[in-house]
Trainee: 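Have a look at this one.
This is a predicted model, so every value here is computed, not measured. Throughout, a chain's letter reflects where its sequence line sits, starting with A, and its residues are numbered from 1.
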Number of protein chains: 2
Amino acid sequence: MTIGALGQATGVGAETIRYYERIELLPQPARTSGGYRVYRPEHVRRLNFIRRSRELGLSIEAVRELLSLASDRLRPCARVDRLVRDHIHDLDHKIESLQKLRGALQRLADSCRGGGRVSECRILEALQEAEETLAGPAIECGQEDCQERRASEKQPKPRRERRA
Amino acid sequence: MTIGALGQATGVGAETIRYYERIELLPQPARTSGGYRVYRPEHVRRLNFIRRSRELGLSIEAVRELLSLASDRLRPCARVDRLVRDHIHDLDHKIESLQKLRGALQRLADSCRGGGRVSECRILEALQEAEETLAGPAIECGQEDCQERRASEKQPKPRRERRA
DNA sequence: CTAGACCTTGTAGCCACTACAGGGTCAAGC
DNA sequence: GCTTGACCCTGTAGTGGCTACAAGGTCTAG
């Protein structure tokens, strides 16, 4: 089957398939004499595996590891379990973050009924002014290595005060 | 104040500040004779506004619009209200999506206790096989223009069947 | 043989930064 | 005035996970 047929079979676009090949998530397929990629049923299975994992929000690297784990049938599957549980944990953090954000925004929105002028808009005021009223520790992050980017105690070295 | 001092005052890194200037979210500041950027208190206010908005998950473009709206004090603030409410709506979608993902992953993880071998791992089986058991409509998206990328009824034109 | 659907490679773009290289500036202390 | 070294400058490239395009080549029904 051609790349287009593989795409139809799996619901993955041809450009994405080529991308997966480039990053070595999919093996290089055979080629026709004219250079077309020729795929086989095992490619369909592998790509479906990838697609489902991605739909579950696993990163490409996680998928890569799962694929590698899956290739050794005798290996204990504890690592697989761990990987999935870690991702659930990440999701919990992310969901919690978003819920906090939502709460803050809702409080913001509730302070405004949209009828006034910008000059007395509570939303804009809140964004301009107080520090503590909104947005607790919730920062939308996206990456896992999100730790303490808001580490305000980070003072590299006490320079010889060049004040403001 | 220099860019470093502005960064300290707002909790935004110097490289990010330069980035904001480049995309015209911050106005170009004055310069010293040596070329250093010189910031003033209004820059601190504007950058704090930006930072808080970003912490609430608003996109750069949304922040840009808020800033533009805020500059005209006589304008009705309905648009501000709308912008924030739209974002809350987006967050609701995103949270719901993530919760569905989490459910699917939890079901996956529950089918495995991590004690067996890869060859009988239910997680890997589930990823390899059935279509309906997992992952309903939940795809993590990130962008707002996320509509129907999984639109499986997208059939561009009926080619003269080059079957698989 | 032609039409045109499909494929090829390569490159650039998306978001919101972040990191670096290679150099220049500034002020404190001598 | 000179050294030191923290700080700043510009420009470019990288992140993740694709997506879009351009310019061309291949394949097959009719």
Side-chain angles (χ1 to χ4, degrees), chain A residues 1-8 11-26 28-39 50-51 53-55 57-64 139-147 149-150 155-164, chain B residues 1-8 11-26 28-39 50-51 53-55 57-64 139-147 149-150 155-164:
Chain A
M1 65 202 304
T2 62
I3 196 169
L6 178 61
Q8 290 278 324
V12 177
E15 315 216 287
T16 302
I17 294 171
R18 281 191 283 262
Y19 168 71
Y20 286 163
E21 182 183 324
R22 202 160 62 244
I23 64 172
E24 296 180 290
L25 200 56
L26 278 178
Q28 297 200 343
R31 299 279 185 143
T32 66
S33 56
Y36 280 27
R37 288 170 178 84
V38 181
Y39 293 100
I50 295 168
R51 177 181 54 76
S53 304
R54 292 288 303 130
E55 281 174 0
L58 293 163
S59 72
I60 293 281
E61 288 316 307
V63 179
R64 200 191 290 284
I139 295 169
E140 190 183 359
C141 175
Q143 263 96 309
E144 33 259 64
D145 56 338
C146 174
Q147 316 97 308
R149 64 151 87 184
R150 188 104 286 125
Q155 251 148 315
K157 220 168 279 187
R159 207 239 243 253
R160 293 127 305 137
E161 28 243 277
R162 183 193 291 186
R163 309 281 309 119
Chain B
M1 65 202 303
T2 62
I3 197 170
L6 178 61
Q8 289 278 325
V12 176
E15 316 215 288
T16 302
I17 295 172
R18 281 191 284 258
Y19 168 72
Y20 286 163
E21 181 182 325
R22 204 159 60 245
I23 63 171
E24 297 180 288
L25 199 56
L26 279 178
Q28 297 200 343
R31 300 276 185 146
T32 65
S33 54
Y36 280 27
R37 288 169 179 83
V38 182
Y39 293 100
I50 294 169
R51 177 180 54 75
S53 304
R54 293 287 303 129
E55 281 173 1
L58 293 163
S59 72
I60 293 281
E61 287 318 305
V63 179
R64 200 191 291 283
I139 296 170
E140 190 183 358
C141 175
Q143 263 94 308
E144 33 258 66
D145 55 340
C146 172
Q147 316 98 306
R149 63 150 87 183
R150 188 106 287 123
Q155 252 149 317
K157 221 168 279 186
R159 211 239 241 249
R160 295 125 300 135
E161 27 241 277
R162 183 194 291 187
R163 310 279 310 119

Trainee: Between B:Arg22 and D:dT10, does any side-chain N or O lie under 4.0 Å from OP1 or OP2?
Mentor: no
Trainee: If you compare all heavy atoms of A:Arg54 against all heavy atoms of A:Ser59, which two are closest, and at what distance to 0.1 Å?
Mentor: NH1-CA, 3.8 Å
Trainee: Starting the side chain at C-beta, find the nucleotide from D:dC9, D:dC27, C:dT9 nearest to A:Thr32.
Mentor: D:dC27
Trainee: D:dG17, OP1 or OP2 - any side-chain N/O from A:Thr16 closer than 4.0 Å?
Mentor: no
Trainee: Below 4.0 angstrom, N of the basic side chain to O of the carboxylate: do A:Glu24 and A:Arg64 qualify?
Mentor: no
Trainee: Using a cut-off of strictly less than 4.0 Å, decide whether B:Arg18 has a side-chain nitrogen or oxygen near OP1 or OP2 of D:dT12.
Mentor: no
Trainee: Whole angstrom is fine here: how far is it from CG in A:Leu58 over to C1' in D:dG16?
Mentor: 15 Å
Trainee: Taking only N and O in the side chain of B:Tyr20, is any of them less than 4.0 Å away from OP1 or OP2 of C:dA16?
Mentor: no
Trainee: Calculate, to the nearest 0.5 Å, the distance between atoms OG1 and OH belonging to A:Thr2 and A:Tyr36 respectively.
Mentor: 8.5 Å
Trainee: In this structure, how many angstroms lie between the C1' atom of C:dC6 and the OH atom of A:Tyr39, rounded?
Mentor: 14 Å
Trainee: Short question: side chain of B:Arg51, backbone of B:Glu55 - any donor-acceptor pair under 3.5 Å?
Mentor: no
Trainee: Quick one: A:Ile3 CD1 to D:dT19 P, roughly how many Å, whole number?
Mentor: 13 Å
Trainee: Choose from D:dC18, D:dC27, D:dT10 the nucleotide whose nearest atom is closest to any side-chain atom of A:Arg54.
Mentor: D:dC18
Trainee: Using atom CZ of B:Arg37 as one end and atom P of C:dT25 as the other, report the distance to the nearest whole Å.
Mentor: 15 Å
Trainee: Can you tell me how far P of C:dC7 sits from CG of A:Leu6, to the nearest Å?
Mentor: 10 Å
Trainee: Expressed in angstrom and rounded to an integer, what is the separation of B:Gln8 atom CD from D:dA6 atom P?
Mentor: 15 Å
Trainee: Using only modelled atom types and a 3.5 angstrom limit, is any donor from either the side chain of B:Tyr36 or the base of D:dC7 paired with an acceptor on the other?
Mentor: yes
Trainee: Would you call B:Gln8 and B:Met1 a side-chain contact if the rule is heavy atoms closer than 4.5 Å?
Mentor: no
Trainee: When you measure only distances, ignoring hydrogens and angles, does the side chain of A:Glu15 come within 3.5 Å of the base of D:dC21 through a donor and an acceptor?
Mentor: yes
Trainee: Considering heavy-atom distances to DNA chain D, does B:Val38 or A:Ser33 have its closest nucleotide positioned more toward the 5' end?
Mentor: B:Val38
Trainee: Could you please name the option among C:dA16, C:dC6, C:dT9 that lies closest to any side-chain atom of A:Thr2?
Mentor: C:dC6
Trainee: Given C:dC7, D:dG17, C:dT18, which nucleotide is nearest the side-chain atoms of B:Tyr19?
Mentor: C:dT18
Trainee: What integer distance in Å separates A:Leu26:CG from D:dC18:P?
Mentor: 11 Å
Trainee: When the distance from CZ of A:Arg31 to C1' of D:dT26 is rounded to whole Å, what number comes out?
Mentor: 13 Å
Trainee: Is there a side-chain contact between B:Arg51 and the phosphate of C:dC17, meaning an N or O under 4.0 Å from OP1 or OP2?
Mentor: no
